[in-house]
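Protein chains get the first letters and strands the later ones, always in sequence-line order, with residue 1 at the start of each.
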Amino acid sequence: MNTSDPSYYKWTQYIVVLLYNHYYDLEEEKAVSIVKLVETFAEEGNRNVKAFCTQEEIFTAEQWASFTTQEKHDIVMNYRLVYKGSGAVNWCEEEGTVLSNDQVKDGMSLRTGAAVVQRPMVQWYLRITAYADRLTNDLEDLDWSKAIKTSQKTWIGRSEGATVYFNIENSDKNIEVFTTRPDTIFGATYMVLAPEHELVELLTTKEQKDEVDQYVAYVKAKSEIDRMAEKKITGVAIGAYAINPFTNSRIPIWIGEYVLKDYGSGAIMAVPSDDERDMAFAEKFNLPIIKVVDKTDFPSAGPHDKVGKMINSDFLNGMEVIDAISLVCKKVEEMKIGKASVNYKLRDSNFSRQRYWGEPFPIAYDKEGLSYTLDIDALPLELPQTDDFEPKGDGRSPLSKIDSFVNMPNGHTRETDTMPGVAGSSWYYLRYMDPNNKDRFAGKDHINYWQNVDLYVGGAEHAVAHLLYARFWHKFLHDINLVPTKEPFKKLINQGMIQGGIEAIYKLKEKTNGFHHFLCAGLVKAKGITDATAIPLDIKFVEAYGSIGSHLNMEGINKFIAWRPTYADAIFECSKGIYQNGKFTSAKGQENSESELVTHSEIGKMSKSKYNVINPDEVVAEHGADAFRMFEMFLGPIEQSKPWDPNSIGGVSKFIRRFWSLFFDQDGKQVFTEEAATDEEFKILHGTIKKVTEDIERFSFNTCVSAFMEAVNHLKKLPSSKKVILEPLVVTIAPFAPFVSEELWKALGNTGSVHHASFPAYDESYLVENSISYPISINGKKRALQDFPADATKEDLEKQVVGLDSIQKYLEGKNIKKIIVVPKRMINIVVAG
RNA sequence: GCCCUGGUGGUGGAAUUGGUAGACACGCAGGACUUAAAAUCCUGUGCUCUCAGGAGCGUGCGGGUUCAAGUCCCGCCCGGGGCACCA
């Protein structure tokens with residue numbers, strides 16, 4: 001199955017059509033058809049519609065009827081689960097294209113080093129925020145690691161509080177704020193808007209205009225990342241005043257970069273007494289601070305802990321914080337200046353890409369430019385053939401250059417954005433249930449039979465992306481009765497990452513004499529250069545990879561240049577000299593030396609973007625697929641990350657050869673016999689089956705492998721090997737070493753596949769011990785080891801143990817206070833004196 | 001800063017319910033076979049001391065509970081990952 005195959009993405013497009021044609025109904029708490037919504041609009045307007053949407057204006061049925069087609073289209077777009085909206089993207093002018101966040105670092109493209117700026121762009125979005133509550137609440141019932149659950153929870157970031165509108169002096173406008181602490185409203189002594197807030201321009205007074213313009217320009221010039229990283233306290237008053245609705249006092253309105261335009265309403269009521277950021281701001285700009293919560297009873301509580309008694313707050317005085325919050329919410333609603341509300345950190349997700357490789361949107365535009373979805377019969381809408389995969393340069397995708405694709409016979413035009421990778425990956429597990437179905441994304445019977453995924457193994461890097469989108473899509477499909485389950489993945493295991501060494505070279509941010517300038521890691525450190533960016537490169541170019549001295553020689557630099565032609569004439573400087581345009585100029589005292597550009601090395605994930613992937617094919621070619629597979633399991637617990645260490649794969653390789661040697665000698669002669677097995681042999685076999693059965697259940701594959709090693713070591717010590725032992729052992733080992741076990745299965749005379757043989761059950765009766773070796777401790781310190789019959793009673797053991805020679809010497813002159821016997825485990829003698 | 005993890009020999013790791021710490025492997029040392037090498041096999045290998053029998057210490061650090069703690073409790077330290085001015 002391939003998500004980029006039209007027979008698959010037909011159904012991805014189909015689901016997108018469904019998303020486009022549904023909205024989220026907050027009363028029914030599920031997705032409902034847009035057709036129903038439009039009917040309601042025609043009957044009674046949107047007054048009674050409780051939907052998750054960005055439509056704010058209320059209209060009546062009469063108004064709806066009077067709207068133009070375009071107006072109706074725009075209003076409905078505010079409800080759709082897939083909708084068109086505007087947002088900022090990373091724009092690289094030089095490349096004429098949009099870049100993803102991980103292709104950008106320090107405001108420049110990692111591929112070409114060109115500048116990247118934020119630029120608004122109209123794109124498609126998924127209204128995932130509609131499902132925020134359910135995505136949070138339903139985490140409860142999932143058998144997922146706590147780490148993933150908490151990271152989804154914090155990513156969604158639900159917080160409860162209140163929306164309050166503040167009137168503005170001499171203006172009919174008001175400012176909407178969101179606060180989790182409505183109780184502290186008596187302490188709200190000023191307001192802060194995000195510098196990008198739409199009211200800033202309108203409200204700024206003449207006197208403040210210059211200062212405000214300057215500040216807004218300063219903020220715009222900073223990238224989002226810099227703005228967050230610096231955490232500087234900056235801001236400027238805009239000259240206007242708001243009225244605190246509870247104290248009726250005039251409070252100044254400021255703008256400041258610490259208020260984010262995308263969270264809440266992009267404006268806050270600042271309560272310096274109970275928020276560190278507001279406090280820091282107030283102190284810096286000398287704004288009034290009124291203490292409103294008395295926390296003397298809670299000395300260890302921080303400003304955000306909702307404990308304490310209200311003070312300086314009129315009718316709230318003396319109340320507990322929690323009660324004050326609900327009372328203020330009630331009061332605010334009575335006064336019609338706001339309401340209790342919920343906010344999320346989660347944003348709707350950008351669903352557009354301006355790239356060739358992706359599913360085309362099943363969406364077209366009519367002659368008026370209104371969007372509509374294609375009929376299911378018109379799907380799949382296939383990606384058109386082309387040789388030109390470069391983006392158009394104006395920010396549009398390469399598809400926009402293909403007239404035959406863009407222009408439809410009826411004069412309509414097609415959407416030219418493509419979908420991101422998460423589109424196809426959000427539902428593929430459903431297709432696995434019925435991969436060849438031509439009429440449906442998966443047959444109803446199949447889905448009802450398989451339900452959802454019992455065990456999903458995947459990397460933790462998908463914690464908040466893939467795993468959240470898939471849950472969202474699944475819930476949507478559940479809402480419209482296409483899947484019976486609420487969640488896609490019942491149990492989740494995060495396998496650790498096999499890490500690799502990452503090699504990078506430093507590049508100065510500023511060009512030198514117009515040339516890109518690369519520096520040796522040693523020089524960067526020695527000179528204390530901070531104005532350089534580490535650019536990851538292919539580990540194949542690097543000499544002494546994985547060691548401290550990893551570096552690029554001239555050949556390596558040439559390979560690097562061939563790989564990144566932008567840097568063909570760049571300067572490569574190391575302590576030995578300078579390499580440029582194929583010429584090496586050695587530094588003073590370094591004559592006859594060669595370039596040795598030391599690279600920056602660290603351990604990190606293996607990733608295409610870090611160019612440090614170890615090719616499994618090469619490992620398989622050298623050691624075989626079984627050894628590779630078992631080695632990965634043997635490295636350690638599945639959930640743990642560990643660096644790729646090729647040294648110990650030999651141990652697993654050796655084990656497989658030893659296992660083989662139980663069947664055939666070095667000349668390929670069969671060595672196993674049809675003889676009956678001894679109790680000892682059965683004990684080894686059944687002990688191994690038991691251990692492996694139990695360890696598979698708890699996903700402890702590394703200990704399974706060591707159980708096999710122990711079994712083989714043990715069997716090798718015995719004089720002969722028996723078919724009756726080997727046969728079940730081969731089946732047990734088959735999931736771990738599928739190829740070798742298949743061959744040995746055939747060698748034992750079987751005809752079918754070992755992978756169809758049923759997994760052996762173990763027989764406890766072979767595992768019964770006649771005698772048990774007891775460790776004997778004196779005061780908790782192990783002093784001796786002694787065999788006792790397995791059926792010895794507590795009393796027998798207590799009596800016998802004190803008579804042992806090996807124990808006697810420790811007891812001389814001491815009083816035995818107590819003897820603790822844990823049957824089949826250990827004996828501890830407590831003495832005193 | 002907040003959240004989640006983890007810390008055990010030279011190394012990767014094992015110890016599932018409080019009950020023999022270091023299974024299994026790598027590495028290292030020694031030996032067998034071999035003209036030699038590879039491969040294979042055997043022995044040893046936590047640290048320190050040692051009269052060679054053993055003794056002491058030992059699971060990041062400091063306390064505690066217990067006959068008994070890698071495991072439970074309290075307080076710290078360090079590494080890895082995620083989120084990060086979220087009002």
Side-chain angles (χ1 to χ4, degrees), chain A residues 145-155 157-159 161 177-181 184 188 192 227-233 256-260 262-271 274-278 280-281 302 304 343-347 460-461 463-464 494 496-497 499 603-605 631 634-637 639-643 645-652 654-655 657-658 661 666 691 694-695 697-698 700 702-711 713 716 773-785 817-831:
Chain A
S145 76
K146 211 175 161 188
I148 298 286
K149 283 190 186 184
T150 33
S151 71
Q152 288 215 347
K153 219 178 231 169
T154 49
W155 184 263
R158 180 194 157 94
S159 52
V177 302
F178 173 74
T179 175
T180 53
R181 296 297 302 276
T184 63
V192 186
R227 203 168 140 181
M228 288 188 182
E230 284 180 17
K231 291 195 183 180
K232 270 198 209 159
I233 303 167
E257 62 180 320
Y258 81 103
V259 174
L260 307 173
D262 287 328
Y263 184 74
S265 57
I268 61 159
M269 62 173 211
V271 183
D274 284 272
D275 184 289
E276 309 96 319
R277 294 153 304 174
D278 295 347
F281 196 84
H304 286 282
N343 239 294
Y344 302 95
K345 284 201 279 187
L346 183 70
R347 296 278 97 83
E461 71 273 20
V464 290
N494 298 119
M497 272 182 291
Q499 299 162 312
I603 296 284
K605 66 172 170 184
F631 176 59
F634 188 59
L635 272 174
E639 305 212 71
Q640 215 163 292
S641 288
K642 45 240 152 187
D645 166 25
N647 288 332
S648 47
I649 192 168
V652 175
K654 197 164 91 182
F655 157 75
R657 287 195 298 273
R658 277 168 68 84
S661 75
Q666 288 199 322
K691 171 94 177 133
E694 289 169 355
D695 285 359
E697 283 296 319
R698 60 188 185 104
S700 179
N702 54 331
T703 52
C704 288
V705 176
S706 50
F708 291 129
M709 288 173 168
E710 275 180 275
N713 288 347
K716 280 292 278 183
S773 175
Y774 279 91
I776 302 165
S777 302
I778 313 291
N779 287 348
K781 196 173 279 281
K782 190 180 97 185
R783 294 297 182 184
L785 215 52
K817 295 184 73 178
K818 207 197 248 181
I819 298 176
I820 288 150
V821 175
V822 182
K824 301 190 180 181
R825 283 284 184 191
M826 48 68 68
I827 298 166
N828 188 18
I829 304 170
V830 186
V831 299

message = Using atom C1' in both nucleotides, what's the gap between G81(B) and C85(B) to the nearest angstrom?
response = 22 Å
message = Just to be sure I understand the rule, does Asn713(A) reach a base, reach only the sugar-phosphate, or reach nothing, if contact means heavy atoms closer than 4.0 Å?
response = sugar-phosphate
message = Would the distance check show the side chain of Asn343(A) and the main-chain N or O of Ser159(A) forming a donor-acceptor pair, the cut-off being under 3.5 Å?
response = no
key: Nearest-Å distance once atom P is located in both A15(B) and A68(B)   = 25 Å
d(NZ, Lys817(A); P, U66(B)) in whole Å = 13 Å
ask   = Mind pulling the stems RNA chain B is in, i.e. runs of at least three Watson-Crick or G-U pairs, everything under 3.5 Å?
value = B:1-7 with B:77-83, B:10-12 with B:24-26, B:27-32 with B:40-45, B:46-49 with B:54-57, B:60-64 with B:72-76
message = Take a 6.0 Å sphere around NZ of Lys153(A) and say whether it holds more than 12 heavy atoms from other residues, nucleotides or ligands.
response = no
query = Would you say the side chains of Thr184(A) and Asp274(A) form a donor-acceptor pair under 3.5 Å?
reply = no
ask   = Taking the P atom of each, how far is U59(B) from U8(B), in whole Å?
value = 11 Å
inquiry  = Other residues, nucleotides and ligands only: do more than 12 of their heavy atoms fall within 6.0 Å of NZ on Lys824(A)?
reply    = no
task = In whole angstrom, give the distance that lies between atom CZ of Phe655(A) and atom C1' of A25(B).
result = 12 Å
Contact pattern, 5' to 3', of nucleotides 3-23 of chain B - B, S or - by protein heavy atom under 4.0 Å = SSS------BSSSB--BB--B
Rounded distance in Å between the C1' positions of G62(B) and C77(B) = 10 Å
ask   = How close or far is atom C1' of C85(B) from atom CD1 of Ile268(A), stated in whole angstroms?
value = 10 Å
query = Is any side-chain heavy atom of Ile819(A) closer than 4.5 Å to a side-chain heavy atom of Val830(A)?
reply = no
task = Please determine which of Ile820(A), Val821(A), Ile778(A) meets the side-chain contact (heavy atoms from CB on, under 4.5 Å) test together with Ile827(A).
result = Val821(A)
query = Should the heavy atoms of other residues, nucleotides or ligands under 6.0 Å from CZ of Arg825(A) be counted, would the total exceed 12?
reply = no
query = Would you call Arg698(A) and Thr703(A) a side-chain contact if the rule is heavy atoms closer than 4.5 Å?
reply = yes
query = What's the spacing between Asn494(A) CG and Glu639(A) CD if we round to 0.5 Å?
reply = 6.0 Å
note = Base orientation of G7(B), chi within 90° of 0 counted as syn, else anti, reads anti
note = Comparing Met269(A) with Ile649(A), nearest RNA chain B nucleotide closer to 5' gives the residue Ile649(A)
Atom pairs, protein N/O to nucleotides 30-40 of chain B N/O, distance under 3.5 Å:
| unit_1 | atom_1 | unit_2 | atom_2 | d |
| --- | --- | --- | --- | --- |
| U40(B) | OP1 | Arg657(A) | NH2 | 2.9 |

query = A36(B) and A25(B): how far apart are their P atoms, nearest whole angstrom?
reply = 29 Å
Whole-Å distance separating the CG atom of Asp262(A) from the C1' atom of A87(B) = 14 Å
ask   = Any side-chain heavy atom of Asp275(A) sitting closer than 4.5 Å to one from Phe281(A)?
value = no
request  = Pick base, sugar-phosphate or nothing for Ser777(A), based on heavy-atom distances below 4.0 Å to the nucleic acid.
outcome  = nothing
query = What integer distance in Å separates Lys149(A):NZ from G81(B):C1'?
reply = 19 Å
request  = May I ask you to say what Lys781(A) touches in the nucleic acid, namely base, sugar-phosphate or nothing, with a heavy-atom cut-off under 4.0 Å?
outcome  = sugar-phosphate
Under 4.0 angstrom between Arg783(A) side-chain N/O and G56(B) OP1 or OP2 = yes
Which atom of Arg658(A) lies closest to which atom of Asn713(A), heavy atoms considered = NH2-OD1, 2.9 Å
inquiry  = Between G9(B) and U5(B), how many Å separate the two P atoms, rounded to a whole number?
reply    = 23 Å
ask   = Can you tell me how far C1' in A21(B) sits from the matching atom in A38(B), rounded to whole Å?
value = 38 Å
note = Atom CD of Glu276(A) and atom P of C2(B) are separated, to the nearest Å, by 10 Å
ask   = Do the ring planes of Tyr263(A) and Phe178(A) sit parallel (below 30°), tilted (30 to 60°) or perpendicular (above 60°)?
value = perpendicular
query = P atom, C4(B) versus A14(B): distance in rounded Å?
reply = 23 Å
inquiry  = Can you measure Trp155(A) atom CH2 to G81(B) atom P for me and round it to whole angstrom units?
reply    = 17 Å
message = Could you tell me if the side chain of Phe708(A) sits less than 4.5 Å from the side chain of Val652(A), heavy atoms only?
response = no
